[in-house]
Participant: 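Quick one: structure below, then a few questions.
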Amino acid sequence: MLSIKDLHASVEETPILKGVQLEVKKGEVHAIMGPNGSGKSTLSSVIAGREEYEVEKGSIDMDGQDILELSPEERAHLGIFLSFQYPVEIPGVSVTNFLKTALNETRKARGQEPMSAKELLRLMREKMELLEMDKSFLSRSLNEGFSGGEKKRNEIFQMALMEPRLAILDETDSGLDIDALRIVANGVNHLRSKDNAVVLITHYQRLLEYIKPDFVHVLYKGRIVKSGGSELALELEAKGYDWIKEEVEA
Amino acid sequence: MNSDQLRDKLSSSFIVFENELNGERRSPLHQKRRAAMERFEMKGFPSTRDEEWKYTNLKPLLGTDYKIFHEGEQSLEFREIKRYFLNDIDTYKIVFVNGKYSSWLSETTHRGFDICTFSAALQRHRHVLDEYFGRSDEEPSSTMDLNTAFAQEGAFIRIGKNAHVDKPVEIVHFTTADAGPSFNQPRNLIVLEEGSSAEVIERHRCLGEQETLTNAVSEVFLGAQARLSLFRIQNDAPQAGLIDHTNIHLSRDAHAHTATFSMGGRFVRNDLAFFFNEPNATAQLDGLSLLDAGEFADQHTLVDHRVPHCESREFYKGVYGGAAKGVFNGKVMVRPQAQKTNAFQENKNLLLSEKAAVDTKPQLEIFADDVKCSHGCTVGQLDEEALFYLRSRGIPEHESKALLLYAFGDEVIQRVPLKALRQRLHRLMAQKLDVDFQLNL
């Protein structure tokens, strides 16, 4: 589904990614871990199409289609979803209006009819229940005055509505208490199917107790330096990153 | 034609106008006109050398050979102009076509209160005109004087003691292509007596492609506890210019709310002044400029706190795209005797392109010491982070920008209590932003 080859990217002339390789197939869950500053968030931003990052070399394909020339919205229309590490506050735009616009613009781009208000409301109610959210949330301004946990839950709520084929969760677990983490993980697990894929970007092993990955990768200095199964995450939790750094430097 | 020639043309036109008045020439009202004309002839049109017109160049509008008087009557069918009125709700309508009152298109009343025309008031309510006409400004500007000199038609609204107008009043001024390029001088007088209330919506609309310049004056007098809402929709044709002077006088416990939506036209200059003449009166001044291409709007406000215990809240926003240019000049005067004044002012602007510009000038002159006054102004750009967030959810760039701008402008629209007007403004905003949103914000 997603194929990243020899990806080099920089921001303001500083190279961050230096040859990332990653293959994600349908039905798989990948975790990308690594110390601070290793390029984890850059990788997710480049996949989603943030324009401040310059891709100097390499490719990102989705189902065989090169997506590097596509706008962020076109990538979303292909089914790529990024759960933001820091969701942006947008005063004056209610959650409902935002979701209505996002869903219907996406449907339009895919040649589908817009969803009726009634249908939309039914869908939103269903997903809100899944994420144990309060109804009043729909009429609030998008992310404005939301607590850290509410913002993250809102990201997963959006994901549940958009039903992406590839979901990238950028440190969705950071700043969540154990209950919120369970709810968020529940939302992600609900989305998992044989046709979808999930990439979890995380610092800690904690989230992986709730969402079991098929593969764990370690990103360090802009490259994936180690890959393994879910046991790698446990090893990292126990031993930290120093041994990886030593291995790489050696 | 240049501005001097236009001034000469106005002078000779005034003589023609006077000659047709016969006995009326000796009336006190006409003496005010004549004095105003003399002042206008002395001062001429304002130029960018005048402090109050520093950022606003009227000159390009003064090169057209405008007609000063309209000839004949032009009739319009209601269905042709229906879209310029609010739908879904019933309203009083005072409609002018090429400066002349159209009784066919209007719905006026004399039952319980007077909602009619300046010309009708000349016949029926002479004493009201004698009392209030030309009284609203101690130091009228030259363009206001020009209007006074030629004042003969406009809206006349007088609401008697404790009367409440049962539905909004729409004042609409049309000009048609048959009239050719025209210079219009509409004159409104609004008098709300003690304890009365009214809601008024005014707009100017140029039908056709002729150049027009409208130099409008509204004089507003609010008695004790009177309440007025005055809304302006300014989205005229691209070749239409508007200079509006509105002076609002407030008595004890009166309240006035104005909301001005400048969303189009070639040139808009709003001179909006509030005068607090008795204590405990309150005023709310809201405004939104939403402009693109080569459009221009100057929001010039004055709040004159002359007495203690009054409150003014001013909130203006601006969005400028293309090569649009905006001005906000907010003067707040708190005179020495105006203790316990609350005066707040806020002006927020977004620039969407390299060529767009705004000059914003808060001007607080505070001579009393026991007051609460604040002002703030910002000029910024669209939030790139927010834009990326929306786009990453599948909302295309154009729609994402529009959604952010819609939310920005909506903050002003939400202050309008009249639902039918809010809906209309939402539609106009979506149209201006070139999107097809159907959002219930």
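For clarity, every value in this text was computed on a predicted model and none was experimentally measured. So you know, we letter chains A, B, ... as the sequences are listed, proteins then strands, and number each from 1.
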Participant: Please check if atom NZ in B:K432 has more than 12 non-hydrogen atoms from other residues, nucleotides or ligands closer than 6.0 Å.
Facilitator: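 Enclosed: over 12 neighbouring heavy atoms sit under 6.0 Å from NZ of B:K432.
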Participant: Any non-hydrogen side-chain atom of A:I90 less than 4.5 Å from a side-chain atom of B:L390?
Facilitator: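 SC-SC contact between A:I90 and B:L390 confirmed.
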Participant: For B:K361, I'd like to know if atom NZ has over 12 heavy atoms of other residues, nucleotides or ligands within 6.0 Å.
Facilitator: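 Correct, the count exceeds 12.
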Participant: If you count heavy atoms of other groups shown closer than 6.0 angstrom to CD of A:Q112, is the number above 12?
Facilitator: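 More than 12 heavy atoms, drawn from other residues, nucleotides or ligands, come within 6.0 Å of this atom.
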Participant: Between A:K108, A:E155, A:E74, who has the most heavy-atom pairs with chain B when the cutoff is under 4.5 Å?
Facilitator: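 Top option by heavy-atom pairs under 4.5 Å: A:E155.
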Participant: How about CD on A:E56, more than 12 heavy atoms from neighbouring residues, nucleotides or ligands closer than 6.0 Å, or not?
Facilitator: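 Yes, because the 6.0 Å sphere around CD of A:E56 holds more than 12 heavy atoms from other groups.
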Participant: Measure distances from A:A109 to the heavy atoms of chain B and classify the residue's part below 4.5 Å as side chain, backbone, both or neither.
Facilitator: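 It is neither, since no heavy atom gets under 4.5 Å.
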Participant: Heavy-atom pairs under 4.5 Å with chain A are the metric here; pick the option from B:E397, B:E385, B:E411 that has the most.
Facilitator: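 Of the candidates given, the most pairs with chain A belong to B:E385.
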Participant: Tell me whether A:Y86 at atom OH has more than 12 heavy atoms from other residues, nucleotides or ligands lying less than 6.0 Å away.
Facilitator: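 Count not over threshold, so no.
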Participant: Report the distance from atom NE2 of B:H398 to atom CD of A:E73, rounding to the nearest 0.5 Å.
Facilitator: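 Reported value, rounded in 0.5 Å steps: 12.0 Å.
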Participant: Pick one of side chain, backbone, both or neither for A:L142, based on which atoms fall under 4.5 Å of a heavy atom in chain B.
Facilitator: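 The answer is the side chain of A:L142.
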Participant: A quick test of your reading: do over 12 heavy atoms of other residues, nucleotides or ligands sit less than 6.0 Å from NZ of B:K167?
Facilitator: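 Atom NZ in B:K167 is packed in, count exceeds 12.
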Participant: Side chain from CB out, backbone as N, CA, C, O: work out which of these in A:R75 comes under 4.5 Å of a heavy atom of chain B, or both, or neither.
Facilitator: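 The answer is neither part of A:R75.
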Participant: Kindly compute the distance separating CD (A:E52) from CD (B:E384), expressed to the nearest 0.5 Å.
Facilitator: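 A:E52 CD to B:E384 CD: 7.5 Å, rounded to 0.5 Å.
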Participant: Does the side chain of A:F84 reach to within under 4.5 Å of the side chain of B:S392, using non-hydrogen atoms?
Facilitator: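 Counting from C-beta outward, A:F84 and B:S392 do come under 4.5 Å.
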Participant: If every non-hydrogen atom of A:V93 is compared with every non-hydrogen atom of B:A407, which pair is closest and at what distance?
Facilitator: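 Looking at all heavy atoms of both residues, the closest pair is CG2-CB, 3.6 Å.
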Participant: If every non-hydrogen atom of B:F388 is compared with every non-hydrogen atom of A:G49, which pair is closest and at what distance?
Facilitator: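 Where B:F388 meets A:G49 most closely, the heavy atoms are CE1-C, 3.6 Å.
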Participant: Would you say the side chain of A:F98 lies within less than 4.5 Å of the side chain of B:I395, judging by non-hydrogen atoms?
Facilitator: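 In short, these two side chains touch, coming nearer than 4.5 Å.
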Participant: Does any heavy atom of chain B fall under 4.5 Å from the side chain of A:N104, the backbone, both, or neither of them?
Facilitator: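 Answer is neither: A:N104 stays 4.5 Å or more from chain B.
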Participant: Do B:R393 side-chain atoms and A:F81 backbone N/O form a donor-acceptor pair below 3.5 Å?
Facilitator: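 Side chain of B:R393 to backbone of A:F81: no pair is present.
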Participant: What part of A:P91 gets within 4.5 angstrom of chain B, counting heavy atoms only: side chain, backbone, both, or neither?
Facilitator: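 Only the backbone of A:P91 comes within 4.5 Å of chain B.
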